[in-house]
Amino acid sequence: MSFAGFTLTQLLPIFAIGSAAITGMYLLRMRRREVVVPFAALWEQVTRESESRQLWRRLRRLLSWLLQMFVLAGICAALGDPRPDVWLRAPTTVALVIDRSASMDAIDGDGARRIEAARARAAAEIAALGPADRAVIIAAGEEVGVAAPLSGDTTALLDALPRIEPSWGEADLGRALALAEHTLAEEGDGRILVLTDGALDDAGVDALARCADGPAVCQVAQIGGPAPNLAITAFAARRYPNARDKIEVLAEVRNFGREPAVVELDIAADGVSVGRRRIELAAGGARRESLPDLDAARSRFVARLHAAGDAPGFSTDLGPAFDDTAWAVVPPLSPLRVVLVSDGTDLFLDAALLTQGDHVELVGITAEQATGGHAALREADAVFFDVGDASLPTSLPEAHVVIFDPWRTANSPCPIARGDELRRPFLTEQLRDHPILANVVLKDVNITRGTSLALEPSDQALVRSLGAPIMVLRERGDHALVAIGFDPRQSDLPLRVAFPLLVDNLLHYFEQREPGFVASFPVGTGRELALGELGLAVADGERVVVVEPSGRERTQPVDDGRIRLRALEPGIYTVRAEGDDGPISVELAVNQSSIVASDLEPRIADVLARASAADAPTPAPVAQGPLWTAILLLVAAIVVLEWATYHRRITV
Amino acid sequence: MALARRARQPEAGDDDVFDEAFLAKLELLHVISRRLFRGRQRAERKTRKKGSGLEFADHREYSPGDDIRYLDWTAWARLRHRLIRLFEEDEDLPVRIVVDVSDSMGTRGQRKLRYARQIAAALAYVGLANLDRVGITCLSGTQFETLPAVRGRGRIFSVFEFLRKHGSAGPTDVRAGLARVAAQASQPGLTIVVSDFYDMHAFEGLNLLRFRRHDPVAIQVIDPIEADPRGTGLRGDVAVLDCEGQSRRDVTLSPRTLAAFAAAHERFCQALETNCRSRGIHYVRANIDVPFDDLVLRMFRSGGVLL
């Protein structure tokens, strides 16, 4: 026991003086009040009966004196601010990192949710804090947050625990541990305690391993163990490439348990069930189910797992529910904008482009218009340059480009360098397996003249004339450039079946290269979306409204045609913007679908071997607070008791 | 709060004890008493003395010298015994009213003494109005003064004056005072003692009166606050002083102590009452909170005091 206030040598004189004063007052004869009575003999008779209690009365007086001395001793002790030795150890700081990934919602064999077991362990750690110890609670989900700031107030720390619930997705342990290490950096004696079920992704396991091997004291307490789980790990819907009025739905169901399992997969479109499959899965097995030829009028799909009924020999335990439902949205049909820059003399090329379906929007402009920077070029997905002997524009548009005979004139914007002038070239070699040349036969094509092209290492020579590249594919970032070194007008290619097939292949190749509409995203905090790819033409600086599945709306600014989607719960999100013709919106599906997230098997055996935390410590005997307040409260209680019993003459 | 102050505090309006209202009440008492005692004649009060009255009392053996007019011839004819007939002798008995004026009667603003004076004056007035001879004695341990017996309603003012001039003084000594009354009385009679009887030997004085053939009546004046001090709020360590200056005692007053005193006081009063009744002494407990005229009428109705 030590005194943080007055020292013992200071307290002793105070106590001595006080006790002397109290004792002196007790020794002084008390001046009694005089009461005149008419018949004192009767009073003597009455009081004589109580004289037998004289000894007890003296003892009671002694007890009163002792009580006053005790009060004085209590006050002196409070002045000294006593501190038990157990309080005087160096204060420690604990950073409690609680994994709140989706797998923490699992229920283990003992019937307890993993998150509840983690909270109980955290509560035990908090209860064991000494008066000078402090703790911080960090909740690690897809987003990392401080559930309770660094504090020694155990009440505030304990109050924060019930608010920690499992989130969707994986725990970002890397950021959580970095935050914990940063918090403890300025603390003398710090310790990181990670409460996790060990069902982490690779990044989480790596972060945990780095923490365990790092300079800070990092301990890991594993919550729960292996648990069965059946999950939808993939779910998507798409249009058939060649039949855009039909939809195909794909779902992947996986069994993460150690026993064979059976489950029923129900797929609903716009609230109507369109398919129900009973799926038997081996231990650790996966199975994909597809629903073909669905009506494209349906746009929202939901896949749900249901426990199968009677299934002897199979497990029907679905595990936690977070991965038993998935959503999919059919991507909208976006047209391919094609610009043909031509002098109008190549009717075959016009015809080949016009034979495409409605998904191709064709715009024709002249070479002069292209040189003048026609607006259609800025919005085009693909541009065909077939200008004959006219001049090409000085620069190529940001789109897929096909240039016929790019080096007829010396000043060409074509980035593929010119080779040799070729007279009556023959197309002798071609990449038959390339999708641009699928079903295209060019071996007998007659060409009056042409120009070979100089290859760069990343270029592909689709067609060669006696070894000289005459048709070259170059990738330009997000776009492709196909340079064809002859003019169709100076060949019989337009007369052949190969010509429209080549044009069709080119357009399909460009379509396939487009990142297209990704209608499903995994749960996450920072998924970047290109609004243009979604069909939302929003200028920079404007704002779009993101409507979450819960109905909550959030306005986000558009930067470089992109937004960062913060999707922390699965479901269907709606992105709404103001278009030229009024509000336009597009739907996105966000799914938990993740093999790593659904796998409940712990993956931290190696880390535990190095940094396993011991059992919860024994709670500190006195939670917190200076002892002098408790002493003063005791003194006050004694004074009140003494006042009530002595001065109120209850005990006299 | 004290049962009584150390210094005597004169009662406000002490001089007005016998004011006009008081006289009106006395007159009313007289009228009521006449109605209660209607039919009785003056001096018809019977004494234990055998004499020449009209009402037969007893027989005794004839002895020479007896008046043969009182020889019971009927008895002689039937029994051959010579018996003399004895008659109750009718004579007027003196009424003596003894008022205790000790210091114990003067506590709490002399309430008890004032009350005792009023009772004494009322009884005296009724007696004088009935043409009895009424004498007053004020006594304590240090004073003893007697107003000789007077007769007639007009003497009531001298009674008032006598009572008014005697304030409380001296210790209580009822026994000695009553012994002196008994010794001085030339003729035994009705002796009414008005006192708080805060004297352990008070009953001996009453018994002495009875021994001297007096017809004593004890009126014990009680102050309810003094009888039961639990309502005074007194608590704690106090020094209990006797108002007559004879003792001092340190006591610690607690509810239990006060309750014990109330019980002891009640036992003391009951012991006095029991002793009086066992000796045929009429006993009246007079609570000063009861108006004195109500008390006097109650005494008349109970028949214990025949004026």
Side-chain angles (χ1 to χ4, degrees), chain A residues 19-72 637-652, chain B residues 1-9 102-108 111-112 168 172 196-200 221-223 225-227 229 232-269:
Chain A
S19 58
I22 291 175
T23 305
M25 284 188 279
Y26 268 78
L27 290 176
L28 288 176
R29 183 179 178 85
M30 185 184 294
R31 179 178 175 84
R32 291 172 177 262
R33 242 185 334 165
E34 291 183 346
V35 176
V36 179
V37 296
F39 197 16
L42 203 56
W43 281 101
E44 291 180 7
Q45 181 184 339
V46 171
T47 54
R48 196 180 304 126
E49 296 171 1
S50 62
E51 283 183 352
S52 59
R53 295 182 299 163
Q54 191 71 21
L55 177 59
W56 162 241
R57 205 181 306 165
R58 288 178 181 173
L59 286 177
R60 194 164 52 199
R61 192 170 176 81
L62 178 62
L63 179 64
S64 174
W65 176 80
L66 289 174
L67 205 63
Q68 296 300 324
M69 296 299 288
F70 182 80
V71 167
L72 176 65
I638 292 173
V639 170
V640 169
L641 182 68
E642 198 267 350
W643 178 84
T645 60
Y646 185 80
H647 289 292
R648 296 295 296 172
R649 305 297 175 191
I650 294 175
T651 57
V652 297
Chain B
M1 177 180 176
L3 291 178
R5 302 289 182 188
R6 181 66 174 162
R8 178 181 175 274
Q9 292 179 339
S102 65
D103 282 337
S104 66
M105 295 289 286
T107 56
R108 284 178 40 82
R111 293 170 191 267
K112 286 190 296 185
S168 61
T172 304
D196 55 9
F197 292 103
Y198 285 165
D199 182 356
M200 289 300 183
V221 179
I222 298 296
D223 184 345
I225 295 297
E226 293 176 349
T232 60
L234 279 174
R235 296 287 189 279
D237 296 332
V238 298
V240 173
L241 303 178
D242 194 297
C243 66
E244 296 169 354
Q246 295 173 344
S247 67
R248 170 195 173 98
R249 189 172 187 85
D250 292 342
V251 297
T252 301
L253 295 182
S254 66
R256 189 167 48 212
T257 308
L258 296 176
F261 176 82
H265 188 276
E266 180 61 25
R267 286 197 302 272
F268 171 78
C269 294

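So that the names make sense, note that chain A is the first sequence line, chain B the second, and so on, each numbered from 1. Every value quoted in this text rests on a predicted model; they were computed, and no experiment measured them.
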Nearest-0.5 Å distance, OG1 of residue B:Thr257 to CH2 of residue A:Trp43
7.5 Å

Nearest 0.5 Å, what's the CG-CZ distance between B:Asp242 and A:Phe39?
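If I round to the nearest 0.5 Å, the distance is 8.5 Å.
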
Exercise: identify the closest heavy-atom pair between A:Pro38 and B:Ser104
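Reported closest heavy-atom pair: O-CB, 3.5 Å.
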
Check side chain to side chain contact (heavy atoms under 4.5 Å, CB included) between A:Leu67 and all other residues, then give those that pass, not counting sequence neighbours.
A:Ile638, A:Glu642

Sequence-distant partners of B:Ala264, side chain to side chain contact (heavy atoms under 4.5 Å, CB included), two or more places apart
A:Leu42, A:Val46, B:Arg267

Side chain, backbone, both or neither: which part of B:Asp196 has a non-hydrogen atom closer than 4.5 Å to chain A?
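Looking at B:Asp196, nothing touches chain A.
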
